[in-house]
Amino acid sequence: MTPDDAGEAGGRSAAGERLGGGGRVDPPGSVAGALAVQERLRPLVDLVGPGPTAPATVAGLDVAYAESGDRLAAAVTVLDARTLAVVDEAVSVGRPAFDYVPGLFAFRELPALLDALDGLTVRPELLVCDGHGLAHPRRFGLACHLGVVTGLPAIGVGKTPLVGQWSPPGERRGSWAPLRDGDEVVGRVLRTRDGVKPVFVSVGHRMGLDNAAARVLALTPRHRLPETTRTADRLCRDALAGGARGGRRG
DNA sequence: GCGACAG
DNA sequence: ATCTTGTCGC
C-alpha cells in the first residue's frame, strides 16, 4: 500500500500524529472505481467489538457546504466523554471530492475529514460520524470507511434512513427497534428524546451495536443528535461563514 | 420500467 | 447538504 492510498485504507499513524494518515487522498475517478474501493476495503471492517465502553474522549465529525456547492468545510471536535466539554477541534476547508451519489457518500467528504483529523492534537477513542456505517447497501458506509482508514473505533448516527425496514420504537428516550435489511440487522432505530423522531445508529468499525447505542444515549442528554455532532456542525458552519480562505485550521 | 436514495 | 416562515415548547 502506497502513501497515496492513505485515504483508501491503512494509513495507520504513529501514536498521537497524522490521525488522518497525512498527505492528500486521491478520490476514485468514477463510480465503478469507488465501488471497487468499497469492495476492497469492506473486508477490513472489524466487527468484533464491543469497543470502548467508557471512552475518555469522543470525536464528532461533520461537513457543511457553501450554497454554491463548490466549497465545503469539514470539522472534527473532540469532547470529554464525561463532561461533554470540547477539548480539541480542527477544521479543513476545501472542495467536494466526488459527486453526491447515495451509497458513495464517503468519497465526497472523506478527504476533507481526514485532513481535519490531521489537525487534531488529541487522539479520540471513538469517532461519531454524521451518516451510516453498516446500514449501507454494501455494508460500508462513511463510518466504516472512516474507521478502517483511521483504525479507530467508529459508529454512524444518521438522521434519515438509507437502507432497511423497522417498526416505530416506543415514544420514550432509550426505546429502540432493530433496523433490518432483509435478514440481517444492520443498525438500530433509537429514540434519543421523548416523543422526538429517532436517529439511525449503526456500527462503523471496532464496535458492537449495543455499545454504539449506549454511547449515543450518553451523548444525547438534552438533544436529539449527539453533542459531538452538534459541536462539529457548528464548527464547520462557522468556518464556512468566516474566512473565505482555504486551507486548514485547528 | 418506476420510485427510493446517508449528506 | 442548502433555501425557506411560521409555529410550538422548554
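Residue numbering restarts at 1 for every chain, and letters A, B, ... go by the order of the sequence lines.
The side chain of A:E67 has C:dC3 as its nearest neighbour among C:dC3, B:dC5, B:dG7.
Rounded to an integer number of Å, the gap from NE2 of A:H136 to P of B:dG7 is 13 Å. A:R138 has its CZ atom 13 Å from the P atom of B:dA6, to the nearest Å. Between the CG atom of A:L61 and the C1' atom of B:dA6 there is a distance of 15 Å, rounded to whole Å. Separating the NE2 atom of A:H132 from the P atom of B:dC5 is a distance of 11 Å, rounded to the nearest angstrom. The nearest whole Å value for the distance from the NZ atom in A:K159 to the P atom in C:dT2 is 9 Å. Counting to the nearest Å, the C1' atom of B:dA6 and the OH atom of A:Y65 are 10 Å from each other. Protein atom CZ of A:R95 is 23 Å distant from nucleotide atom P of B:dG7, rounded to whole Å. Separating the CZ atom of A:R108 from the P atom of C:dA1 is a distance of 12 Å, rounded to the nearest angstrom.
Residue contacts shown for A:L104 include a base, since a base heavy atom lies under 4.0 Å away. If you check every strand for non-hydrogen atoms under 4.0 Å, A:R237 touches sugar and phosphate atoms only. Across all strands shown, A:G156 has no heavy atoms under 4.0 Å from either base or sugar-phosphate atoms. Looking at heavy-atom distances under 4.0 Å, A:L72 makes no contact with the nucleic acid at all. As judged by a 4.0 angstrom heavy-atom cut-off over every strand, A:A64 is placed among residues touching the sugar-phosphate backbone only. Nucleic acid contact class of A:P161 (heavy atoms, under 4.0 Å, all strands): sugar-phosphate only.
Around CZ of A:R180, the count of heavy atoms belonging to other residues, nucleotides or ligands within 6.0 Å does not exceed 12.
Here A:K159 pairs with A:D130 in a salt bridge; the nearest charged N to carboxylate O distance falls below 4.0 Å. A salt bridge links A:R139 with A:D181: the closest approach of a Lys/Arg side-chain nitrogen to an acidic carboxylate oxygen falls below 4.0 angstrom.
Using bins of under 30°, 30° to 60° and over 60° for the plane-to-plane angle, the ring pair A:F107/A:F98 lands in the tilted bin.
With 3.5 Å as the limit, one finds no donor-acceptor pair spanning the side chains of A:T220 and A:T192.
Close to B:dG7, at under 4.0 Å from its OP1 or OP2, lies a side-chain N or O of A:T160.
We find that the ring of A:Y100 and the base of B:dG7 stack, their centres lying under 5.5 angstrom apart and their planes tilted less than 30°.
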